[in-house]
Structures are given as C-alpha cells and as structure tokens.
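Indexing begins at 1, ligand by ligand and atom by atom, following the structure's order.
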Amino acid sequence: MSIKKYIRKNILSLAPYSTARDEFQSDKKINSYLDANENPYNNGINRYPDPYQSELKQEICVLKGVKPERIFLGNGSDEAIDILFRVFCEPRVDNIITIKPSYGMYKVTAAINDIKCTEVALSEDFHLNINDIFSKIDENTKMVFLCSPNNPSGNLLKKSDILELIEKFDGIVVVDEAYIDFASDGGYREYLDKYENLVILQTFSKAWGMAGLRLGMAFANEDIIEVMTRVKYPYNINILAQSRALEEIRNNKEKIEAELSEVVQQREMVEAKMSEFSFITKIFPSDANFLLIECKMADELYKFLIDEGEILVRNRTNVPGCKNCLRITIGTPSENLDLLSKLKEYEKSIVY
Ligand SMILES: *Cc1c(COP(=O)(O)O)cnc(C)c1O
C-alpha cells in the first residue's frame with residue numbers, strides 16, 4: 001500500500017488488543033458465552049458491543065454508498081480526528097495545515113498531540129488561498145484539514161481547489177463534511193475510488209439529530225480505515241449507540257429528509273427576511289444549517305438577543321476574518337419567527 005509511507009512506524013508495527021470475540025471467529029452455534037467475564041443476566045447491555053460495528057456499517061454502506069471496509073466509526077467525529085493524528089503524525093516532528101476561520105477541533109487536537117498546526121487564512125469570501133497553502137507545506141506536513149461546507153462561514157469550498165490539493169499534496173487531505181446533508185453538493189465520497197490520500201469526515205450529530213449519541217464517521221480507502229481501526233479503543237461505540245443509530249437509519253430516514261428540506265427552506269426564509277434589516281451588513285451564503293451574519297455591533301446584538309429574547313447564538317466576532325459576525329443556527333419555524341421578531345425589536349431600539 002502506498003499510503004504506508006505516511007503512517008507512523010510504531011503504528012505500522014502495532015499488534016492491536018485482541019478481544020475475546022476476536023479470538024473465536026466461527027459460524028458454530030454458541031449457547032453460553034463464558035469467555036469475556038461478563039455478567040450473564042441479560043439486561044440489554046450486559047454483553048460487550050461489537051468492536052467492528054458490522055451491522056451498523058452495513059446499514060451506513062447502504063445509506064452513504066460507501067463500502068463497509070471504507071468506514072470508520074468514532075465517538076463523534078472528534079474521535080476520528082484524534083485517531084488521524086495518532087496514525088499519521090509523529091509528535092514534535094510532523095505538522096498539519098488547516099484553514100481559518102474553521103472548526104476549532106483540528107487545532108486543539110493538534111496541540112494535544114504536540115503537533116504544530118499552521119492555520120492559513122481563507123480569502124475574504126471564505127475560499128481557499130490555494131497558493132498560500134502550498135507555500136506552507138514542508139516535508140513534515142502530514143495532513144491538511146479542510147471543512148466544506150465550512151464552519152463558521154457556511155459556504156462550500158471550491159471543488160477545483162480541493163481536488164488540486166488532493167492531487168498535488170503528498171500527504172493526507174481531510175475534508176470535514178459535517179454539514180454536507182444540508183448542501184447543494186454531494187461532497188467527495190465519489191472520489192474515494194480515485195484518491196487514496198482522501199479522508200472524509202461525516203457525523204450523525206447535525207442533520208441526523210443525534211448529537212447526544214456521539215457517532216461520527218470517517219470514509220477513506222480500506223488501508224487507512226484498517227489502521228485507524230487498529231488504533232481506536234476496541235469498544236469505542238457502545239451497544240446503545242449502535243442499536244439506536246441502526247433504528248434511526250432504518251425507521252426514520254424519511255422523517256430526517258423532511259426535516260432537512262424544512263431546515264433548508266427555513267434558512268432561505270430567514271436569510272431573505274434578515275436582508276431587510278439595516279444593522280445586518282452582510283449575510284454570507286450558506287450550504288449548512290446556520291447563517292453567518294455580519295452586523296454593525298455584534299457584541300451588542302448578541303447581548304440583546306440573550307437579555308431581551310432569551311435566544312442564544314454564537315458570537316464569532318473575535319474569530320479571525322469574522323469581525324462583527326454572529327453564527328445563527330436555523331431552528332424550528334417558530335424559533336425562527338421569534339428570532340426575526342426580536343431582530344425587529346432590536347432595530348427599533350437602535351438610536352442613531
Ligand atoms: C459539529 C461539527 C462536527 C461534529 O462533531 P461530532 O464530534 O461528530 O459531534 C464536526 N465537524 C464540524 C466542522 C462541525 O461543525
């Protein structure tokens with residue numbers, strides 16, 4: 001495998017923990033499981049979960065059109081991010097590149113793993129400065145983290161930029177697609193056949209309404225997935241999470257799709273109404289379930305929404321490239337109407 005050269009030596013030679021159920025792989029019928037020191041009385045959670053999450057991966061394969069061998073499941077995408085660092089980056093030697101503004105976990109996880117993280121600024125309209133990124137890459141750069149649709153800006157990055165990076169960068173390109181279900185584009189799963197240095201992150205936390213369950217996905221070629229699986233904790237996805245996710249995918253796909261199209265419709269409605277307010281100076285185009293708005297006095301509006309509306313949004317004014325910006329999640333139709341009426345009140349209260 002040619003991705004071998006990117007993997008840390010200690011990880012390549014790792015002999016993973018072997019679970020009780022690993023050591024007995026057979027179709028023979030078993031009545032009594034006396035091999036794992038579990039409590040024998042069935043309460044639904046007395047047995048260890050499937051460390052390979054085979055049933056769930058099969059269902060995700062159908063849902064996403066990605067083979068089970070190309071799926072890694074983690075305790076949120078955050079686990080997948082951490083595992084990627086541990087697989088590819090030698091502490092204090094290697095480095096990664098990410099973009100700013102973007103999701104904060106890439107930088108935090110780099111710091112935890114003692115990996116230098118270089119943040120390359122996006123352009124004013126939040127697209128990649130591809131030449132700046134190439135100029136920061138050196139021989140120890142192992143990964144480039146991208147996020148599309150990007151958080152907090154909401155926009156899809158340009159496909160031609162991302163593909164150029166995947167083709168030219170001699171390392172791993174991670175594309176975080178946490179918000180892809182809300183987007184007008186299908187993302188990069190179709191490129192997994194073509195590029196073995198591509199890793200895609202997705203999650204059940206946003207569109208699928210399971211943030212509390214903690215279930216994230218990484219899609220990549222089977223060699224990368226095999227190594228990531230070796231590094232994870234054997235039982236990283238608990239029995240309740242596996243069974244509830246299966247249930248949601250099998251029974252609630254149509255409900256989720258209806259919610260998704262409503263959120264997108266509501267986003268367009270909120271965007272249209274917001275554009276009428278004079279104190280909102282810019283609404284950035286969004287392919288996600290939130291809007292980034294630039295306003296005249298972000299701190300003041302943020303506080304007004306809490307004090308007068310009991311509405312909490314995300315104040316991003318101190319984030320590079322987001323001066324005077326608030327990030328507002330699309331809520332239920334009634335929450336959105338409430339937000340708009342509070343914005344109207346705010347407009348009336350402004351003293352010029
Ligand atoms: C919300 C979000 C995630 C989801 O993380 P989980 O750990 O799966 O909940 C991942 N990436 C981005 C950019 C996000 O905004």
*Does a side chain donor of either T141 or D138 reach within less than 3.5 Å of an acceptor in the other side chain?*
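Looking only at side-chain atoms, D138 and T141 do form a donor-acceptor pair, the distance falling under 3.5 Å.
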*Can Q242 and D50 be counted as having a side-chain donor-acceptor contact under 3.5 angstrom?*
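Distance-only check fails for Q242 and D50.
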Counting only heavy atoms closer than 4.0 Å, does ligand 1 sit against the backbone of [X], its side chain, both, or neither?
X    : value
Y179 : side chain
R214 : side chain
N151 : side chain
M105 : neither

*On the 0 to 90° scale, with breaks at 30° and 60°, tag the Y103-Y106 ring pair as parallel, tilted or perpendicular.*
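Taking Y106 first and then Y103, their aromatic rings stand perpendicular (interplane angle over 60°).
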*If the plane angle is over 60° it's perpendicular, under 30° parallel, otherwise tilted; pick one for F145 and F85.*
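Plane angle under 30°, so parallel.
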*Would you call K4 and D223 a salt bridge, taking side-chain N to carboxylate O under 4.0 Å as the test?*
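Salt bridge flag = no for D223 with K4.
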Ligand-residue contact atoms, ligand 1 with [X], heavy atoms, under 4.0 Å:
X    : result
C147 : 13 (C)
S77  : 4 (C), 5 (O), 6 (P), 7 (O), 8 (O), 10 (C)
S205 : 6 (P), 8 (O), 9 (O)
A178 : 2 (C), 3 (C), 10 (C), 11 (N), 12 (C), 14 (C)

_Is it the case that ligand 1 has an N or O less than 3.5 angstrom from some N or O of Y106?_
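N/O-N/O distance under 3.5 Å: no.
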_Once rounded to the nearest 0.5 Å, what's the spacing between atom CE of M105 and atom SG of C147?_
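Between M105 CE and C147 SG, I get 13.0 Å after rounding to 0.5 Å.
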*Straight-line distance of I328 CD1 to N289 CG, nearest 0.5 Å*: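 Taking CD1 in I328 and CG in N289, the distance rounds to 12.5 Å.
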*Would you tell me which option among N289, L201, D176 has the nearest heavy-atom contact to atom 12 (C) of ligand 1?*
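The nearest heavy atom belongs to D176.
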*asked:* I'd like the name of whichever of K206, M217, E79 reaches closest to atom 3 (C) of ligand 1 through any heavy atom.
replied: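 It is K206 whose heavy atom sits nearest to atom 3 (C) of ligand 1.
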*Should R230 and E226 be marked as a salt bridge (Lys or Arg N to Asp or Glu O under 4.0 Å) after you check the CA-CA gap, both sets of side-chain angles, and the distance that decides it?*
CA-CA 6 Å; R230 257 198 272 163; E226 192 270 321; 3.1 Å; yes
